[in-house]
Structure formats: C-alpha cells, structure tokens
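Notes follow once the structure below has been shown.
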Protein chains: 2
Amino acid sequence: MSSRRAEQRNRTEARILTAARKLFAELGYDRATIRAIAAEADADPGLVMRYFGSKDDLFARAAAFGDDDHVTGTPEQAAEQLLTALEHKLADEPTEALAALRSMFTHPDALSEVRSGMVARQRQAAGHLAPDDADLRAGLLGAVTIGAVIARHLLRLDGVADAEPERVTALLRGAFHEIAYGSIRSDDA
Amino acid sequence: MSSRRAEQRNRTEARILTAARKLFAELGYDRATIRAIAAEADADPGLVMRYFGSKDDLFARAAAFGDDDHVTGTPEQAAEQLLTALEHKLADEPTEALAALRSMFTHPDALSEVRSGMVARQRQAAGHLAPDDADLRAGLLGAVTIGAVIARHLLRLDGVADAEPERVTALLRGAFHEIAYGSIRSDDA
DNA sequence: GTCTATAAAGTGATAGAC
DNA sequence: GTCTATCACTTTATAGAC
C-alpha cells in the first residue's frame, strides 16, 4: 500500500494541506491563490490541482468549523460548558476554523460551513437553557462566542488579543449565566 | 455652480455610490467588481473610474465604520448607553458599516477602518467602566456588540436575525452590566 | 509522478472617439 | 461629459512533455 513513491506523495499532499490551511486562515479564500499555496508548500501548482481536484475541494478539506461537545444538564451547567468551550477556542489558534471564519463573509461555501455548524449547536444548546426565548438565548451565546473569537484571533483587539483565556472567561462568566437563564429586564439599570 | 450637466453628473455619481455600498455590503471588496457596480447603478464602468479614481478610493468613500456617541457617567450608565447603541445597530441595516464589516477579513483597508474605529471607542469607554481590567472589559463589550451585529445582519442566525431589537437588548442587558462592572468570578456557577 | 506551457476567463485601469 | 475598445495582468484549470 505504501511504496516509496506513494509515501512521498502523501507527504507533499500533507504539506500542501497545511499550507492551504495557513494561507486560507491568513488571507481568506479569494486572496489565497493556488500558486501561493504551492509556493508555501514548496510544491508545484499543478500538483495541487492534481491532488485535490479544484480550489473549492481543497478549501473544503482545509477549512472546517469543527464540532463542539454537546451541552447537558441544567442551564447553569450548560453556561459553564459553553464557557470552557470558549476558553479552548481562545487558548489555541484553530487554523481550520479560522480559515472558515475568515472566508465566511466572502465565500458562500465558507458561510454555509459556519452557519450550519452554529445553528446545529444552537439547536442542541437551546434545550438546556431557560425555556422562555431559548432559541434567542442560544443564538446570543453563539454570537458572544464568535464575537470573542473574532476579536481575539482575527481583529486582534487591544486587551482581548493578549489576555489570558481564563481572565476572559472569568469576565464573561456572569454574562454567560445571565444570557443562559437570567430574567429579561427591559430597563432597570 | 450647477449647470444641467453638473446636476446630471452629481446624480449618477450618487447612484454609483449607493450601488457600491450595496454591493460591497453584499459581496465584499473583492467580489464586488467595478463592472457589477456600474451595472447596478445603470452607469458606465469607465465613469466609475473617472468619478472616483480607483476602486480603493471608491471603497473608502462607500464603506465607513461610523462614530458612536461617547459614553459618560457611571459604569451602570455606560452599560445602558452601549446597549442602546447596539439596539440602533440591530434595528436598521447600516449599509456603510456592513460594507466595512463584510470586507474586513479579506481587505486590509477595511480591517484598518474597523479596527481603528473599535479601539477608539474602546479607549473612550474604558474610562467609564470598573477600573480593574477596564481595557479588557471595554474590548469584550465591543466583541459582544460586533458579534451580535454579525450574527444578525451577516450570519443571519436563527432567532437573532428576526428578533425584535428590544428583545435582544433586554436579554443582553444583564450581560452588559456584568461585563461593565461585575465582579470577576473564576468558577462558582 | 512531477512539472512546463498554455488556454480561457475575468479583473482594474487607460486612451481616445464621439 | 459619456462611452467604446483595449491593454496588461492575474486567476483557475488543463494538456502534454519529461
């Protein structure tokens, strides 16, 4: 199954894939050209097409929004689980997810990837939040999560970009619990 | 100063500008081509260049992150002010801002526009929040705000996209106050 | 298996006719 | 002032030599 040639092919194929992930995450779908990816991987542009078929196929394999653990238990517990999931996303730089995130506003496939991933989590989480406006609560928890990830990894906002992940989640803990099962207050500052 | 010809020119120039805003907001910088913008405005592609100089110049005039009112007073009051600012952003579709937002991950100029606008607000707001970790608090309030706007207008998340703006802010009220001046809790769900 | 050469299409920008 | 024609360039994708 693995002659010397096949081995070599697998190695360059893997090199191309990580180069693609890196450039898609840094530049987005349109600006990360096949030529640039090939150069980053020290490979020939023709090989990229031969191995992956098309740029879209390559992107599909390089970008992924990834799955989260399902949330369980009470709204209090669900809030904590979503909080630690966020902490992981802040701690490391998930290149596959960043590739999808950076491209989602300009590439339809990337948008589908992110959107479908988010609504799936949303639906699953909604069952473990306060029953009034559960879907909106779940959507807002997703919005806060993606906002924090964007602010840190893509926008690199002062303060957020370099803070310890635990400090961020410590500051957001109250907010998550409020959204998950807090009462709805119209204006009683 | 305004002959009939000059009037006509101003009118098509304005038509081109609103067409540019629309397409930049819908497609992003790269995919909104000058030809498509001209077609949308029922004008000639050459005119677009003649009136605005270059695509970059056109984008600079079409996309803007906009200014918010300065926040004032106590942290409680600041939280309320930021909340009503968010409510406005949810209520209408600010095409200029959406053009900048959609392009910020793939076009350097758009990123600068958004980033500089956000850090300016952040710095201004930080002075009116709880003094411990004020900059991080301000950054997170910005992250939550941009996350909500993205979820509603760009991602069109279920629940968030069609909810009444007041319901969204009512649900986020507790979260904003927690982030603005809540105590830092490490894990006492 | 790998790479060269090129095709086919689309882009921003420009020169010049009307 | 407006529009036609085109330049110069870049992109993905393909055909075929080595």
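Protein chains get the first letters and strands the later ones, always in sequence-line order, with residue 1 at the start of each. Everything numeric in this text was worked out from a predicted model, so none of it was measured. Side chains are part of it too, since the values below use all heavy atoms of this structure and drop only hydrogens, waters and symmetry mates.
Protein atom CD of B:E7 is 15 Å distant from nucleotide atom C1' of D:dG1, rounded to whole Å. What separates CZ of B:R31 from C1' of C:dG10 is a distance of 13 Å, to the nearest Å. One can place CG of B:D56 at 16 Å from P of C:dT11, the figure rounded to the nearest angstrom. With rounding to whole Å, B:D30 atom CG is found 20 Å from D:dC9 atom P. The distance from atom CD1 of B:I16 to atom P of D:dC3 is 9 Å, rounded to the nearest whole Å. Rounded to whole angstrom, the span from the CZ atom of A:F59 across to the C1' atom of D:dT11 amounts to 17 Å.
Closest contact between the side chain of B:Q8 and the listed nucleotides C:dG12, D:dT2, C:dT2 involves D:dT2.
Nearest heavy atom pair, residue B:G139 against residue B:Q122, reads CA-NE2, 3.3 Å.
Relative ring orientation between B:Y29 and B:F24 is described as parallel, the plane-to-plane angle staying below 30° on a 0-90° scale split at 30° and 60°.
Side-chain N/O atoms of B:R35 and base N/O atoms of C:dG12 include a donor-acceptor pair closer than 3.5 Å.
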Table please: side-chain donor-acceptor pairs of residues 34-43 of chain B below 3.5 Å, with sequence neighbours left out.
| from | atom 1 | to | atom 2 | distance (Å) |
| --- | --- | --- | --- | --- |
| B:E40 | OE2 | B:K22 | NZ | 3.0 |

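In this structure A:R121 satisfies the side chain to side chain contact (heavy atoms under 4.5 Å, CB included) test together with A:F65, A:D68, A:K89, sequence neighbours excluded.
Only B:D44, B:L47, B:R50, B:Y51, listed by number, bring a heavy atom of residues 41-55 of chain B to less than 4.0 angstrom from any atom of DNA chain D.
Using a cut-off of 4.0 Å between Lys/Arg side-chain N and Asp/Glu carboxylate O, B:R123 and B:D135 are scored as not salt-bridged.
Looking at A:L86 and A:F176, their side chains come closer than 4.5 Å, going by heavy atoms from C-beta outward.
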